[in-house]
2 protein chains.
Amino acid sequence: MPPTTIPDIVIGRLPVYLRALTQFEISGNKVTSSHEMGEHLGISSAQIRKDLLHFGEFGKQGTGYNISYLKEQLEVILRVNQEWDVALVGAGGLGNAIVNYSGFRGRGFRIAVVFDNNPAKIGQKIDDLIVLSADQIKTKISKMRIRIAMVAVPSGQAQSVTNKLVEAGIESILNYAPTSLTVPSKVRIHHIDPVVGLQHMTYYM
Amino acid sequence: MPPTTIPDIVIGRLPVYLRALTQFEISGNKVTSSHEMGEHLGISSAQIRKDLLHFGEFGKQGTGYNISYLKEQLEVILRVNQEWDVALVGAGGLGNAIVNYSGFRGRGFRIAVVFDNNPAKIGQKIDDLIVLSADQIKTKISKMRIRIAMVAVPSGQAQSVTNKLVEAGIESILNYAPTSLTVPSKVRIHHIDPVVGLQHMTYYM
DNA sequence: TAGATTGTTAATCGATTAACAATC
DNA sequence: TAGATTGTTAATCGATTAACAATC
């Protein structure tokens, strides 16, 4: 947890704040308050103020927070005031859906290259990307200086694909395969597993 | 947080334990230990033992945990020793990928019905499901007694779709749209937003 | 028996909340 | 000024970890 000593759990909430601010902005609001944000997200207003204070004083007493200003600040803090090129491995149904997903737009990420190991898929187009052979993962990623990758292959292939990505110099991985992955400690990893969320909810049903 | 007073954060880890156990089982192992699981998941062994102890004594001193037995117990605890029918709203690229996603199989969930509001899609088949009109959400879900739904529509439509689902009696919602949703407090909601995970990681890059 | 690992408590650590002065 | 909301501290609360006796 480098830069300073800010708790990782706080960092994890910032993207959620950022998403909420974007919604408020779309609704045409200019200003919000920790109370309003808390209501909207189901978080206490004290927590939101304290989280933000780790990074500076972004509000104004009596008024609240200027939405577009706070948004910009959070984007800088999270390093998404730039667009990151992302490599995607897996051009199946899930990979296709990821490429066409609108949720990346304007939030700091752009799929820049797609790989698959299926000869029938290599050379085909997805959106305006040509699917490359998985054999090219290392050379292409190194050459393009890509630092972030997504894994959207079947569970059985996820670990070997991950190993290749790590070799290629990838620093952060978003894994869509429903399996845990082993990576060197310098590499960050996040899992997207819908079943984890579903099972969490069925416990209470 | 009904049943007993077990912390929600503990419940949230159980699906991850369950997934790891499945992996160990696939590798041909019969027995594991809190230490081995902790290593694999990056969690302390003490935490794993303590989490499990909320629900009973599943291990054996000197030996560890029988994988298939612990798996069964967790499945019962999480209520996924049965298969839940799930309604999906949204038959676009993402909806298609969800229907064809292999990660639900054997983990307690089955897409039982798909809705869309696009006339061009209604009546079409995805896998062996026929896409129904979004107008039928309420009647069909009530009739089928479905309690869990997934939202895979554009952000702008997510709230109104959610309202319909709540009206239809849905109790748990998995939301794939990159937007927060307002629901009555009795309804549980989980978000799948890949950008949240990505932005969490870029902070450290 | 010796070795290993759980079950379990007590201690530590860290996160959340309550409260309010500062200030717009 | 009166009202509102932040910035900030102190108190509370809860989760994690360390440690070890129990026991397989």
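Throughout, a chain's letter reflects where its sequence line sits, starting with A, and its residues are numbered from 1.
- Under the side-chain hydrogen bond (donor to acceptor under 3.5 Å, both in side chains) criterion, B:Gln61 pairs with no residue, sequence neighbours left out.
- Not counting sequence neighbours, the partners of A:Lys138 by the salt bridge (Lys or Arg N to Asp or Glu O under 4.0 Å) test are A:Glu167.
- For the ring pair (Phe, Tyr, Trp, His ring centres under 6.0 Å) test, residues two or more places apart in sequence or in another chain that qualify with A:Phe104 are A:Tyr101.
- Heavy atoms of A:Ser45 sit nowhere under 4.0 angstrom from any nucleic acid atom.
- Per the geometry, CG belonging to A:Asp8 stands 16 Å off C1' belonging to D:dA15, to the nearest Å.
- Among residues at least two apart or in separate chains, there is no salt bridge (Lys or Arg N to Asp or Glu O under 4.0 Å) pair with a member in residues 174-186 of chain A.
- Under the salt bridge (Lys or Arg N to Asp or Glu O under 4.0 Å) criterion, B:Arg110 pairs with B:Asp85, sequence neighbours left out.
- Comparing C:dT5, D:dT8, C:dT8 by their closest approach to the side chain of A:Leu53 singles out D:dT8.
- Listed nucleotides: D:dT5, D:dT8, D:dA15. Nearest to the side chain of A:Glu57: D:dT8.
- The number of heavy atoms from other shown groups lying within 6.0 Å of NE2 (A:His191) is above 12.
- In this structure, A:Arg13 reaches the C:dT16 phosphate: one of its side-chain N or O atoms is under 4.0 Å from OP1 or OP2.
- Residue pairs that meet the side-chain hydrogen bond (donor to acceptor under 3.5 Å, both in side chains) test with at least one member in residues 145-156 of chain B, sequence neighbours left out, are B:Arg147-B:Glu171.
- The nearest whole Å value for the distance from the CG atom in B:Leu52 to the P atom in C:dG7 is 8 Å.
- Distance A:Phe55 CZ to D:dG7 P: 14 Å, rounded to the nearest Å.
- The 12-atom threshold is exceeded at NZ of A:Lys164, counting heavy atoms of other residues, nucleotides or ligands nearer than 6.0 Å.
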Side-chain polar contacts of residues 41-48 of chain A - donor-acceptor pairs under 3.5 angstrom, sequence neighbours left out - could you list them?
unit_1, atom_1, unit_2, atom_2, d
A:Ser44, OG, A:Gln47, N, 3.1
A:Ser45, OG, A:Arg49, NH1, 3.4

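- For DNA chain C, if you chain together Watson-Crick or G-U pairs that step i with j, i+1 with j-1 and so on, the runs of at least three with distances under 3.5 Å are C:3-24 with D:3-24.
- Separating the CE atom of A:Met37 from the C1' atom of D:dT6 is a distance of 14 Å, rounded to the nearest angstrom.
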Quiz item: Could you write nucleotides 17-24 of chain D as a row of B, S and -, 5' to 3', where a protein heavy atom under 4.0 Å of any base atom gives B, of only sugar-phosphate atoms gives S, and otherwise -?
Solution: BBB--BBB
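- Rounded to an integer number of Å, the gap from NE2 of A:His35 to P of D:dT6 is 10 Å.
- B:His200 meets the ring pair (Phe, Tyr, Trp, His ring centres under 6.0 Å) test with A:His190; sequence neighbours excluded.
- Rounded to an integer number of Å, the gap from B:Ile48 CD1 to C:dG7 P is 13 Å.
- Listed by chain and residue number, nothing satisfies the ring pair (Phe, Tyr, Trp, His ring centres under 6.0 Å) test with A:Phe58 (two or more places apart in sequence, or in another chain).
- Rounding to whole angstrom units, NE2 of residue A:His54 and P of C:dG14 are separated by 12 Å.
- Residues of residues 65-75 of chain A that place a heavy atom closer than 4.0 Å to DNA chain D, in numerical order, are A:Tyr65.
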